[in-house]
2 protein chains.
Amino acid sequence: MDNETQSLEAIIENNLSGRDLDEFNRIYYGRKNHLEVKLKDSSLAAAKEADFEVAAYAFPAKKEQTRPPRIVKVGVIQHSIGAPTDRPVNEQKKAIFDKVKKIIDVAGQEGVNIICFQELWNMPFAFCTREKQPWCEFAESAEEGPTTRFLRELAMKYSMVIVSSILERDEKHADILWNTAVVISDSGNVIGKHRKNHIPRVGDFNESNYYMEGNTGHPVFATRYGKIAVNICFGRHHVLNWMMFGQNGAEIVFNPSATIAAEAGSEYMWNIEARNAAITNCYFTAAINRVGYEEFPNEFTSADGKPAHKDLGLFYGSSYFCGPDGVRCPGLSRTKDGLLIAVMDLNMNRQIKDRRCYYMTQRLDMYVNSLSRVLDLEYKPQVVHENDK
Amino acid sequence: MDNETQSLEAIIENNLSGRDLDEFNRIYYGRKNHLEVKLKDSSLAAAKEADFEVAAYAFPAKKEQTRPPRIVKVGVIQHSIGAPTDRPVNEQKKAIFDKVKKIIDVAGQEGVNIICFQELWNMPFAFCTREKQPWCEFAESAEEGPTTRFLRELAMKYSMVIVSSILERDEKHADILWNTAVVISDSGNVIGKHRKNHIPRVGDFNESNYYMEGNTGHPVFATRYGKIAVNICFGRHHVLNWMMFGQNGAEIVFNPSATIAAEAGSEYMWNIEARNAAITNCYFTAAINRVGYEEFPNEFTSADGKPAHKDLGLFYGSSYFCGPDGVRCPGLSRTKDGLLIAVMDLNMNRQIKDRRCYYMTQRLDMYVNSLSRVLDLEYKPQVVHENDK
């Protein structure tokens, strides 16, 4: 990945300065100063040793008279896979556990309260191959699988809520598969799980070959540190998915993703969608993407007229946080493993709701009415022609 | 406005080059090359003479076997007011007509098919004053007012569809006011009108002092050149407003706006919301903002603890187009009047729908069901607690 661009952030930092940099930051990020938070020397040393990036930014709120601040440290982790994809399933999984544990340890030492990984963090994103074996064997029980067991220990050790996106094997229902986010509490219990609501049928990402649309609605998990929800990957294109988490009271919505930079890829939309969701729903969002190239043993085609190949192209990382006001922090790199921490005051959500009144002005009754009519097979769109009168 | 930043675009152009510029453009705009379209020398000369900016960009689609391309030239105009706000109402209006006519003439000579202005383009944005006089006197009949009569002639002259956002006097209903977009066909007839669905109550923008939420639903206007709709200003924060225009078949949705750069302003969200709407709804969007400072005769306060003052701060222009794939063109400047033209192939909308399947994967039935339950006064949000089991 030596010839890959490190990040849009690096391009800007390397070329802009003074007033130009201030103005770029104001217009793009929403603030001139990134409010970087100092990290422990031991964290920086550990990150250097294990070759991952670490950064932290503050999202403060105004002081209130009747509520104390509600400061929460939230982390997201992006990473590449840990072993070649032709190695045995359990060896591949173990290699990822090993590299991610080093990152979680740093998060724990920094006092991170809630952490979320990228989509299907414990396996290669192999659905482009359309092969069932060995990839289906990565599936696990959400409640009792080895990944959940691995994370429970770390959750207890660091009093950390962990959001873990995995391929779920549903043994209670005919052994079917789901794309599932498991939420583990700071005391190590599985609070609950959410299954991906919107499954892509785009290019190499027709994941409905493996699992179908989720059946868990839009749960918000009341953790010790705040109310969180998970909009898994492709759901970020669906504004109603984001909206329902807001209606259910989510304060932070994570978007664990797996998305690529290749031609017709999503990279230029990455800064748009999770930020728009934060703005319109007045909550914090975290967009988390995988990192690196994942080469598979057998070649596959991508229905784009091009020759068969063995990888999808770059997963471009670039994970970031956005506040309920739409202000974001710099993202992690496009190419490197990393831990990004946001020190956020959750009081900001209600302050923004009070200020902007988006929920009060949303006219939900009108839309329930309009959208229910759209569902009618004989729906007649509201179209006005010049000669209607 | 000499010390104002010209634009984010100018900062980038002035500081980046080579691969850094290419990569910035790819990640930010969605394409390395802006596909600038050459303008006539006479247009450039007229723009220079009248001191406005003019630029044009292409949004091509792939060739299809069974449909010819559907190339449409679409323009947006951003401008400052034309006379001081203490001049007589009709004089102020006339001054704006005069300056805008020069811009429309250039659009006409460039063969623009559809054009849209900023919000309430024919008057100062005076609602921050909370005064009723003389501002209410700017209101007009949508069908027969002087602004519509002025535009009808230009529409016929240039065979141009014109979208005109005005303060409407509703003589059929007790003389009340609306914030209304009037759509005039290329033959000079009023095809119809749309009234702003979402009225802000934010800072200096509590416009419900003047008009209330619109009662015209989400009309799409079938013009000779394509199906268009208008999401007026504050509606850009409301994802369901954008969505209903898409459900009704809009191919281009205009967002005529009046929004400012001041502290806690919207500028860093400007690139986000109309783009997100284009992406999730698979249609073209155009975001259009006013330009300049508007000083009012009497001072007013902004409920922000600061002293009374006579203007809102800078309306930052920055109007732009976005394709249904989320790729955008450079915007107009933050400080100058301007005409921006997009040469778009409307075939792209269906191509993107076919590629991304966002409508097919949106699970509207689930959301109609969920949102109708949210309306219940006794709604119980879907919240999972650790001890629920």
Side-chain angles (χ1 to χ4, degrees), chain A residues 5 8 11 15-16 20 23-24 27-30 185 189 191-192 197-199 201-202 213 217-222 237-240 243-244 247-249 267-269 272-273 275-276 279-280 326-327 355-358 361-365 367-368 370-372 374-375 381-386, chain B residues 5 8 11 15-16 20 23-24 27-30 185 189 191-192 197-199 201-202 213 217-222 237-240 243-244 247-249 267-269 272-273 275-276 279-280 326-327 355-358 361-365 367-368 370-372 374-375 381-386:
Chain A
T5 296
L8 181 140
I11 294 174
N15 289 283
L16 267 53
D20 278 352
E23 281 289 275
F24 180 88
I27 297 173
Y28 181 77
Y29 296 101
S185 82
N189 298 318
I191 304 183
N197 272 326
H198 300 273
I199 309 298
R201 279 89 168 155
V202 186
E213 280 73 9
H218 294 85
V220 165
F221 302 96
H237 309 302
H238 288 280
V239 293
L240 287 170
M243 175 177 276
M244 275 310 300
Q247 297 292 354
N248 286 331
E267 191 163 4
Y268 61 94
M269 308 196 289
I272 304 292
E273 293 165 298
R275 273 182 97 174
N276 193 78
I279 293 165
T280 191
V327 172
R355 170 167 172 77
R356 295 187 176 161
C357 302
Y358 291 167
T361 58
Q362 71 187 353
R363 305 185 72 181
L364 213 49
D365 52 346
Y367 292 104
V368 166
S370 305
L371 290 172
S372 67
V374 172
L375 287 180
Q382 185 184 353
V383 179
V384 184
H385 295 85
E386 184 163 355
Chain B
T5 296
L8 181 140
I11 294 174
N15 289 284
L16 267 53
D20 277 352
E23 281 290 274
F24 180 88
I27 297 173
Y28 180 78
Y29 296 100
S185 81
N189 299 317
I191 304 183
N197 272 326
H198 300 273
I199 309 296
R201 278 90 168 155
V202 187
E213 281 73 10
H218 295 85
V220 166
F221 302 95
H237 309 303
H238 288 279
V239 293
L240 287 171
M243 175 177 274
M244 275 310 301
Q247 297 292 355
N248 285 331
E267 191 164 4
Y268 61 92
M269 309 196 289
I272 303 293
E273 293 165 299
R275 274 182 96 174
N276 193 78
I279 293 165
T280 189
V327 172
R355 171 166 172 77
R356 295 185 176 163
C357 301
Y358 291 167
T361 57
Q362 73 186 352
R363 305 186 70 181
L364 212 49
D365 52 346
Y367 292 104
V368 167
S370 305
L371 290 172
S372 67
V374 172
L375 287 181
Q382 185 183 353
V383 179
V384 184
H385 295 84
E386 183 162 358

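Here is how names work: the chains are called A, B, and so on, in the same order as the sequence lines, proteins then strands, and each is numbered from 1. Please read these numbers as outputs of a predicted model, since none were measured by experiment.
Residues Leu364(B) and Met243(B) approach most closely at CD1-SD, 4.5 Å, considering heavy atoms. The nearest pair of heavy atoms linking Met269(A) to Tyr358(B) is CE-OH, 4.0 Å. Residue Leu240(A) comes nearest to Tyr367(B) through the heavy atom pair O-CE2, 3.2 Å, listed as atom of the first residue, atom of the second, then distance. Taking each heavy atom of Gln382(B) and Asn248(A) in turn, the nearest pair found is N-OD1, 3.1 Å. Closest approach of Gly30(B) to Arg275(B), counting heavy atoms only: N-NH2, 4.4 Å.
Contacts between Leu375(B) and chain A at a heavy-atom distance below 4.5 Å involve the side chain alone, from C-beta outward. Within the 4.5 angstrom heavy-atom criterion, only side-chain atoms of Val374(A), from C-beta onward, approach chain B. With a threshold of 4.5 angstrom between heavy atoms, Val383(B) approaches chain A through its backbone and through its side chain.
Note on Asn276(A), Ile279(A), Asn189(A), Asp365(A): by heavy-atom pairs under 4.5 Å with chain B, the leading option is Asn276(A). For chain B, the option among Leu16(A), Val202(A), Ile272(A), Val368(A) with the highest count of heavy-atom pairs below 4.5 Å is Ile272(A). Interface summary for chain B: among Arg201(A), His238(A), Glu23(A), the most heavy-atom pairs under 4.5 angstrom belong to His238(A). Ranked by heavy-atom pairs shorter than 4.5 Å toward chain B, the options Cys357(A), Gly249(A), Ser185(A) are led by Ser185(A). In terms of heavy-atom pairs under 4.5 Å with chain B, the best-connected choice from Thr280(A), Thr361(A), Ile11(A) is Thr361(A).
With a 4.5 Å cut-off on side-chain heavy atoms, His198(B) and His237(B) do not count as touching.
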